[in-house]
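Quick caveat, the model's predicted, so the values are computed rather than measured. Note that ligands are numbered from 1 as they come in the structure, with each ligand's atoms numbered from 1 the same way.
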Amino acid sequence: MCGIVGYVGHRSACDVVVNGLRRLEYRGYDSAGIAVPDGDRVAVAKKAGKIKNLDALLAEAPLPAAGTGIGHTRWATHGAPNDTNAHPHTSADGRLALVHNGIVENWAVLKADLATAGLVPTSETDTEIAALLLGQAIDAGADLPTAMRQVCQQLEGAFTIVATDAQQPGIVVAARRNSPLVVGVGDGENFVASDVAAFIEHTREAIELGQDQVVTITADGVQVTDFAGAPAEVRPYHVDWDLSAAEKGGYDWFMRKEIHDQPEALANTLLGRHDANGRLTLDELRISEAELRLIDKIVIIACGTSFYAGMVAKYAIEHWTRIPCEVELASEFRYRDPIVGPRTLVVTISQSGETADTLMGIRYAREQGARVLAICNTNGSTIPRESDAVIYTHAGPEIGVASTKGFLTQLVACYLLGLFLAQVRNTRYDEEIAAVINELEEMPAKVQQMLDDHDQVLELAAEFAEAESVLFLGRHVGFPVALEGALKLKELAYIHAEGFAAGELKHGPIALIEDGLPVFVVVPPRGRDLIHDKVISNIAEIRARGARTIVLAEEGDDEVDAYADVCVRLPMVSTLLQPVLATVPLQLFACELATRKGHDVDQPRNLAKSVTVE
Ligand code: F6R
C-alpha cells in the first residue's frame, strides 16, 4: 500500500518521480505528491485524488528544476484522503520533506513528546510526526542518514520512509521496517522505490534491502547500513522483465492485459521445473528432501485470491501426498494459537510478497520452529526473503489491483509443490506424476483457447450489467473458483456477489434464489467423479426456483444442457486442474461488467495492491 519513489541523478527529478508514481499508482490512489530541493527549503506539490490531479497542479505551477526528488502515491490510513494529509510532509522549518508507507503505531506518544517541544503537526497523519522528528534530529546537528537512523529507532510499526533535505542536496535517504523498498542502480543515477516498476524504464539492476536498514543514494553511490549505522549486507539482482511488461500493450486495462498474459505466465511458471521424464526439480527449495520426508502437517496461509489458491492446493496436496493440509486466512492464523512445530511445513502464497498479514503469519510460524515455503511472484520482496524456501511464479508484474495471472500461476506452483512432495515421499508412482505434469504443460494452450473464445462471456457481461446480485457455486476445487469469481465481481463491479459450496446451498443460501437471479455454476469433469452428478442436481434445484443458470462445464458434457440457460464450455482436463480453466471466464466476466459500468477496473475504489498494513 502506498507507492514511494526517490531519485538522485542527471535527469529532471520531477519527471522521473512523477513517472515512477504513475507506475506505482496501483498501490494507492487517494492522493499523490512530490518534493524537490529549492534553495534552503523543499518545494512541495501534492493533491488529493489520482496522479492526474497532481499532473494538473504541476502544469499550473511547475516545481523548480532539480536532480533530486521524492514522491508518494497514497492509500489512506491515518487521516482522510485530502490535500493536507497527502504526502510529502515537511519539517517545521520546511527544509526537509518525507514520504512514508506503513503505520507508525506509537505516533500518539511521539506526538505528545513533540508538543512539549512546541512542534505541532498540521495534518492528521502519523507520517508528519516522523517528518517533525527528522527535522528535530537535523536541527540538533545530525546529517540526514544519521537523523534517519535516530528517528527509525524511535518508531514502532511498519514503515518505509524516504526523505530529502534541501540543505544536503544530492542525496536521498530511505529506511525500511516491515514495508517494501528496493534500490535501482543506474549509471550516474540511483533510485529507491516501493517496487521496481517505478524505475524499470531506467535500469533493471536492483538491490533488495533487508529488515531495519537505511539506504543513502547519491548519483554515483548506494550505501546501506542497519539502524545502528553498521554497514549491512544486501542482495543485488537483475530484474527479469522489462518496461513492456509494465505497460498496457494496447489493452484498455492492465487487468485485461494480464488475463491475456496468462498462457505465457503459466508456461514461464512451468519452465525448467521438470526433466523429460517428468521428474521435478524445484531448485529454489532450500529445505532438504530428508526434512520434507519428516513433515507431518502442512498449513497454508494466505489472503484474498491467494487464499483461494491455497484452498485448491489443499485438495491437490492431500490427494497426492496424504499429508494432512490445513488452509487458513493469514489474518486469522497467528491470533488463534495454532498448532505448528518443527514437523509442520507452512506454505505461504502471496503475489506481492509484501502482504502484512501473511508476513506476520510467517514470522509467527518460524518462531514456533516450523519451516516456511513461500509461493511468490515478486523477486526482492519480503516474504520470500524471510522464508526457508521459495517457488517463484514468474508471472511478470501484476499491476491491475485485482489478481488474475497471479492466481493462475499460484495454482500451478501449488500443483508443482504437491507433485514434488509426492515424488520425494513416494506417495505416487513416477508415471502418475509425469501424467499430471504432461497435463499441466497443456494448460497454456487450453487457457489460450478459452481466451480466443471469449465473446460469449463478454455478451453475458452485457446481459447482466444491471444485475444487483450474482451467485457463484462450485463443489470440491470448484468451490474456491466460485469464491474467486464472486470476489472479482465484488471488487471490480461493486455488486453483491457470493460464492457458495454447491452442496451447502440447501442449508441456507438457497433462500436467496429468486426469479432471474444469475447463478454461475462450476461443473466438475465427468469421468469417475461422483460430484459431477451432485452438482447437476444442485443446478436443477436452483433452476426450479427461477435462477438463471450460467454453467461452466467441459466440452461434450451434454448432461448439463437440460439445466443450463447458458453453457460456457471448458477444454477437457482432470478435476484437480480444472480451476486453471474455470477461473478464466469469471475473470473476463468481472472485467467486462465493470468496464460496462464505467468503473476504473485497474484501480477499484477503496482498494490497493500489496496490502502492507495489518
Ligand atoms: C483480489 C486480490 C487480493 C489479493 C490479496 C493477497 O483480486 O488481489 O485479494 O489476492 O490481497 O495479496 P498477495 O497475494 O499479494 O499476498
Side-chain angles (χ1 to χ4, degrees), residues 1-3 26-28 75 178-180 194-195 197 253-256 258-259 262 265 300-313 327-333 346-362 372 374-387 390-393 395-411 413-414 472 480-494 497 499 583-584 586-591 594 599-614:
M1 270 160 175
C2 299
Y26 67 88
R27 303 179 70 91
W75 186 84
N178 293 338
S179 286
S194 304
D195 83 44
W253 303 116
F254 277 110
M255 181 186 179
R256 209 187 296 275
E258 287 159 8
I259 292 172
Q262 290 181 125
I300 302 175
I301 58 170
C303 302
T305 289
S306 301
F307 173 73
Y308 301 146
M311 286 176 73
V312 174
V327 54
E328 180 150 10
L329 291 168
S331 52
E332 293 293 321
F333 171 69
V346 171
V347 176
T348 61
I349 308 176
S350 175
Q351 188 285 129
S352 62
E354 298 292 352
T355 300
D357 292 311
T358 311
L359 180 60
M360 295 306 158
I362 291 180
V372 176
I375 291 177
C376 185
N377 191 40
T378 312
N379 198 342
S381 61
T382 309
I383 287 174
R385 193 175 47 247
E386 296 202 13
S387 300
V390 193
I391 302 177
Y392 282 108
T393 45
E398 191 179 65
I399 292 168
V401 163
S403 185
T404 51
K405 62 179 178 176
F407 178 65
L408 255 56
T409 53
Q410 285 168 350
L411 291 177
C414 289
F472 295 80
V481 173
L483 292 170
E484 172 62 0
L487 177 61
K488 287 280 110 48
L489 204 55
K490 276 184 254 207
E491 66 182 333
L492 299 174
Y494 318 149
T583 304
V584 176
L586 304 184
Q587 296 169 335
L588 286 165
F589 178 73
C591 180
H599 296 168
D600 186 331
V601 168
D602 286 334
Q603 297 175 353
R605 71 181 177 205
N606 302 336
L607 291 173
K609 207 162 181 75
S610 196
V611 184
T612 52
V613 292
E614 270 191 275

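Interatomic distance, Ile399 CD1 to Asp602 CG, rounded to the nearest 0.5 Å: 8.5 Å. Here CZ of Phe333 is found 12.0 Å from SG of Cys303. Values are rounded to the nearest 0.5 Å. Going from atom CD of Glu398 over to atom OG1 of Thr404 covers 4.5 Å, rounded to the nearest 0.5 Å. Atoms CG and OG1, from Leu359 and Thr382 in turn, are 6.0 Å apart once rounded to the nearest 0.5 Å.
Contact detail for Leu483 and Gly499: the closest heavy-atom pair is CD2-O, 3.4 Å. The nearest pair of heavy atoms linking Gly400 to Glu258 is N-OE1, 3.1 Å.
Nearest protein heavy-atom neighbour of atom 3 (C) of ligand 1: Thr305 N, 4.0 Å. Of the protein's heavy atoms, Thr355 OG1, 3.2 Å lies nearest to atom 13 (P) of ligand 1. The protein heavy atom nearest to atom 11 (O) of ligand 1 is Val611 CG2, 4.0 Å. Looking from atom 6 (C) of ligand 1 to the surrounding protein, the closest heavy atom is Cys303 O, 3.3 Å. For atom 15 (O) of ligand 1, the nearest non-hydrogen atom of the protein is Ser352 OG, 2.7 Å.
Counting atoms of ligand 1 from 1 in the listed order, those under 4.0 Å from a heavy atom of Ala402 are 7 (O). Which parts of ligand 1 touch Lys488 is read off a 4.0 Å heavy-atom cut-off, strictly below it: atoms 1 (C), 7 (O). Residue contact check: Ser350 has heavy atoms under 4.0 Å from atoms 13 (P), 14 (O), 15 (O), 16 (O) of ligand 1. Close approach of ligand 1 to Ser306 is summarised as follows: ligand atoms under 4.0 Å from at least one heavy atom of the residue are 10 (O), 13 (P), 14 (O). Contact atoms of ligand 1 toward Glu491: 1 (C), 7 (O) (distance under 4.0 Å to a heavy atom of the residue). Near Val401, meaning under 4.0 Å from any of its heavy atoms, are these atoms of ligand 1: 8 (O).
The closest donor-acceptor contact from the side chain of Asn377 to the backbone of Gly353 lies at 3.5 Å or more, if one exists at all.
If you look at Glu354 next to ligand 1, there are no close heavy atoms at all, none under 4.0 Å.
In this structure, a donor-acceptor pair under 3.5 Å is absent between the side chains of Gln351 and Ser306.
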